[in-house]
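To start, the structure itself, in C-alpha cells.
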Amino acid sequence: MTGGRTHAWDDDGFDDGVPFLARLEKEDRTALLRAGRPLHYRARSVILHQDEPSSHVLLLLHGWTKVTAIAANGYEALLALRGPGDIVGEGAALSGRHRSATVTALDAVEAVVIDEPRFTAFLTAHPGAALRLLSLTTDRQRSTDRRRLEWAALTVRERLAVLLLELVRTHGTRTDEGVELTIGLSQQEFAGSVGSSREAVARLLRELRDRHVVVTRRRRIVVLRPDILRRIIGGQPA
C-alpha cells in the first residue's frame with residue numbers, strides 16, 4: 001500500500017478474490033456440480049483453445065491452470081491463473097462467441113465439465129447463482145482495469161518484482177532454501193505477464209540471480225530475498 005491506497009496486486013492479484021464455487025449457496029453449488037461430469041487433465045495439456053467454438057464450461061476442483069491469449073503479431077500474454085473453485089470458459093458460453101483465450105493445465109487438474117445448454121439452463125433456474133457469476137465477472141474486470149492502469153506507471157523491472165511477490169503470496173511454499181514458487185512458468189510466460197520480451201525478462205532474472213535475490217532453474221524459481229523485490233517496487237535503492 002502507498003499512502004493508504006491498495007494496489008491491484010495487493011489484494012486480487014491473479015486470484016481475483018473469491019472463486020466462483022465459494023460464492024455460491026450450498027444448494028446451488030451442489031446442483032451445479034451435479035449438472036456436469038468429472039474430467040482429468042495431465043500437466044501442461046491444453047484444456048480450452050483460443051478461437052474455438054464454445055461447447056462447455058469447466059469448474060476447476062484441483063490443480064492450477066494458466067489463461068493465455070495470442071495477439072495477431074504472435075505475442076503471447078499471460079492473462080490469469082485459475083485454480084480450485086474457479087470457472088473457466090463461461091464468457092464464450094454466455095456470449096455465443098469463440099473462446100478469447102487458451103487455458104492450459106500447469107499441473108494435474110481435476111474438473112467438472114458442463115455442456116453449454118445445461119449451464120445456461122442452470123443459470124436460468126438459479127437466479128442467485130447467475131448474480132454470483134455476474135459479481136465474479138465484475139470483480140475480474142475491475143481487477144484487470146486497476147492492474148492495467150497501475151501497470152502503465154511501472155518499469156518492466158518493477159512489474160517483474162510485483163509478479164514474483166504475487167506468486168510468493170499466492171503460490172509460494174517455504175523451504176530451507178527460500179520460498180519456492182509452486183507454479184512452473186517459463187520465461188516466455190513471465191514475459192507475457194509483464195508485457196515485455198523474453199530476452200528482457202531473462203536478463204532481469206539473471207540480474208536477480210547474480211544478486212542472490214532468486215534462484216532459477218527450469219520452470220522453477222526460489223525467492224531468497226523478497227525484501228529486495230519490495231524495495232524495487234517502492235523505487236528504493238535495492
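By convention here, the first residue in the shown sequence is residue 1.
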* Going through the checks in order, is the side chain to side chain contact (heavy atoms under 4.5 Å, CB included) test met by His56 and Phe119? -> CA-CA 8 Å; His56 60 276; Phe119 180 64; over 6 Å; no
* Would you please test Leu21 and Leu32 for side chain to side chain contact (heavy atoms under 4.5 Å, CB included) and show each step? => CA-CA 9 Å; Leu21 288 179; Leu32 180 59; 4.3 Å; yes
* May I have the step-by-step check of side chain to side chain contact (heavy atoms under 4.5 Å, CB included) for Val109 and Trp64, ending in yes or no? => CA-CA 7 Å; Val109 168; Trp64 282 86; over 6 Å; no
* To do: Could you please spell out the steps behind the side chain to side chain contact (heavy atoms under 4.5 Å, CB included) verdict for Leu78 and Val67?
  => CA-CA 6 Å; Leu78 176 65; Val67 183; 6.0 Å; no
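Closest of all the heavy-atom pairs between Val201 and Ala191 is CG2-CA, 3.6 Å. Looking at every heavy atom in both residues, Ile232 comes nearest to Ala161 through CG2-CB, 3.9 Å. The shortest heavy-atom contact between Leu154 and Arg159 is O-NE, 3.4 Å. Nearest heavy-atom pair, Gly89 versus Ser54, reported as atom, atom and distance to 0.1 Å: O-OG, 4.4 Å. Summarising the geometry of Ala111 relative to Leu58, their closest heavy-atom pair is CB-CD2, 4.2 Å, with the distance given to 0.1 Å.
Formation of a donor-acceptor pair under 3.5 Å by the Arg99 side chain with backbone atoms of Asp51 is not found in this model. Although no hydrogens or angles enter the test, the distance criterion places no donor-acceptor pair under 3.5 Å between the side chain of Thr30 and the main chain of Glu27. Thr102 places a side-chain N or O within 3.5 Å of a backbone atom of Gln50 that can act as its donor or acceptor partner. Thr124 places a side-chain N or O within donor-acceptor distance of the main-chain N or O of Thr120, the cut-off being under 3.5 Å. Between the side chain of Arg82 and the backbone N or O of Thr65 there is no donor-acceptor pair closer than 3.5 Å. A donor-acceptor pair is defined here as one N or O able to donate and one able to accept, closer than 3.5 Å; no such pair exists between the side chain of Thr216 and the backbone of Ile221.
Between Val103 and Thr68, every side-chain heavy-atom pair lies at or beyond the 4.5 Å cut-off. Side-chain contact check for Arg146 versus Leu149: every heavy-atom pair is 4.5 Å or farther apart. For the pair Ile183 and Leu185, the minimum side-chain heavy-atom distance is below 4.5 Å. A 4.5 Å side-chain heavy-atom check between Leu81 and His171 finds at least one atom pair inside the cut-off. Two residues are said to be in side-chain contact when any heavy atoms from C-beta on lie closer than 4.5 Å; Leu160 and Leu229 fail this criterion. Between Pro84 and Leu61, every side-chain heavy-atom pair lies at or beyond the 4.5 Å cut-off.
Residues meeting the side chain to side chain contact (heavy atoms under 4.5 Å, CB included) test with Thr175, sequence neighbours left out: Glu177, Glu180. Partners of Arg37 according to the salt bridge (charged side-chain N to carboxylate O under 4.0 Å, His left out) rule, which considers only residues two or more places apart in sequence or in another chain, are Asp115. The side chain to side chain contact (heavy atoms under 4.5 Å, CB included) check on Ser55 picks up nothing, with sequence neighbours excluded. Under the ring-ring contact (aromatic ring centres under 6.0 Å, His included) criterion, His126 pairs with Phe122, not counting sequence neighbours. By the salt bridge (charged side-chain N to carboxylate O under 4.0 Å, His left out) test, Glu116 is found to be paired with no residue, residues two or more places apart in sequence or in another chain being considered. Scored by the side chain to side chain contact (heavy atoms under 4.5 Å, CB included) test, Ser95 finds Arg97 as partners (sequence neighbours excluded). Checked against salt bridge (charged side-chain N to carboxylate O under 4.0 Å, His left out), Arg29 has no partners two or more places apart in sequence or in another chain. With sequence neighbours left out, the side chain to side chain contact (heavy atoms under 4.5 Å, CB included) criterion links His49 to Val46, Glu52. Take Arg225 and apply the salt bridge (charged side-chain N to carboxylate O under 4.0 Å, His left out) test, not counting sequence neighbours, and it matches Asp227.
Atom OG1 of residue Thr182 and atom CG of residue Leu167 lie 8.5 Å apart, to the nearest 0.5 angstrom. Here OG of Ser196 is found 7.0 Å from CG of Leu204. Values are rounded to the nearest 0.5 Å. The CG atom of Leu79 lies 7.5 Å from the OG atom of Ser100; values are rounded to the nearest 0.5 Å. Distance check, rounded to the nearest 0.5 Å: CG of Leu39 to CD1 of Ile47 gives 9.5 Å. A distance of 11.5 Å separates OG1 of Thr137 from CZ of Arg142, quoted to the nearest 0.5 Å. Here Arg42 contributes atom CZ and Ser45 contributes atom OG; the two are 6.5 Å apart, rounded to the nearest 0.5 Å.
Within a 6.0 Å sphere centred on CZ of Arg44, other residues, nucleotides and ligands contribute more than 12 heavy atoms.
Identified under the ring pair (Phe, Tyr, Trp, His ring centres under 6.0 Å) test for residues 18-43, with sequence neighbours left out: none. Residue pairs meeting the ring pair (Phe, Tyr, Trp, His ring centres under 6.0 Å) criterion with at least one member in residues 81-108: none, sequence neighbours excluded.
Tested against Gln141, the residues Thr138, Thr144, Asp145 include a single side chain to side chain donor-acceptor pair (under 3.5 Å) partner, Asp145. Partner of Leu60 under the side-chain contact (heavy atoms from CB on, under 4.5 Å) criterion, chosen from Asp86, Val112, Ile87: Asp86.
With respect to Arg23 and Asp139, a salt bridge is recorded, a charged nitrogen being found less than 4.0 Å from a carboxylate O. Arg147 and Glu166 are joined by a salt bridge, as a carboxylate oxygen and a charged side-chain nitrogen come within less than 4.0 angstrom of each other.
With hydrophobic clusters built from ILVMFWY side chains whose heavy atoms lie under 4.5 angstrom apart, Ile70 does not share a cluster with Leu48.
Through direct or indirect side-chain contacts shorter than 4.5 Å among Ile, Leu, Val, Met, Phe, Trp and Tyr, Leu224 is connected to Val215, Val222.
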